[in-house]
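Worksheet for the structure shown next.
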Amino acid sequence: MVDLSRLLGVFESLSTPYVGLANTHYSEVAETNITNVEGGTMSPTAYIEWVGDKVKSEEERGRATMSAEVASQVVNVVRVQAGYKMSKRIVSRGRSFLRSLSTR
């Protein structure tokens, strides 16, 4: 598919929306998941594992369906939306979580 789309000159018209949709999706899902962490229904560890799983699965999916370049772009989206943008919130909740464990 990738080779054919490049040959036909439509690769960008496929890859750009793919990356855009990933950006929207991970922005929304990361917000939901971090809210769950802050509410205590998801552990900080589970959130971090979720991010790691998504990085791996999106890299595999991007390589299989698009290209290594697009896979790299989508992995970056996951890292930014679910990692960097949520880092202060996850660290804050992690500290609270650890304090609660030490008082038991």
*Please, which pairs that meet ring-ring contact (aromatic ring centres under 6.0 Å, His included) have at least one residue in residues 37-82, sequence neighbours excluded?*
Y47-W50

*So, T35 side chain and E31 main chain: donor-acceptor pair closer than 3.5 Å or not?*
yes

_Can you give me the closest heavy-atom contact between V37 and S43, atom names plus distance?_
CG2-O, 3.9 Å

*Pairs satisfying ring-ring contact (aromatic ring centres under 6.0 Å, His included), at least one member in residues 65-89, at least two apart*: none

*Looking at residues at least two apart in the chain, or sitting in another chain, which of them share a side-chain hydrogen bond (donor to acceptor under 3.5 Å, both in side chains) with S87?*
none

*Roughly how far, to the nearest 0.5 Å, is OG1 of T32 from CE of M42?*
10.0 Å

*Sorted by first residue and then second, give each salt bridge (Lys or Arg N to Asp or Glu O under 4.0 Å) pair with at least one member in residues 42-57; sequence neighbours left out.*
none

*What is the distance from atom CD of E58 to atom CD of E60, rounded to the nearest 0.5 Å?*
10.0 Å

*asked:* Do L14 and L21 land in one hydrophobic cluster if side-chain heavy atoms of ILVMFWY residues count as linked below 4.5 Å?
replied: no

Anything under 3.5 Å between a donor and an acceptor, one on a side chain of residues 70-83, the other on a protein residue two or more places apart or in another chain? List them.
from, atom 1, to, atom 2, distance (Å)
Q81, NE2, N23, OD1, 2.9

*Residue pairs fulfilling ring-ring contact (aromatic ring centres under 6.0 Å, His included) with at least one residue in residues 22-46, sequence neighbours excluded*: none

_Test of understanding: with side-chain contact (heavy atoms from CB on, under 4.5 Å), list the residues that count as partners of A68, not counting sequence neighbours._
R63

*asked:* Can you pull out every salt bridge (Lys or Arg N to Asp or Glu O under 4.0 Å) where at least one residue sits in residues 35-45? Sequence neighbours excluded, please.
replied: E38-R89

_Qualifying ring-ring contact (aromatic ring centres under 6.0 Å, His included) pairs, either residue in residues 51-81, two or more places apart_ = none

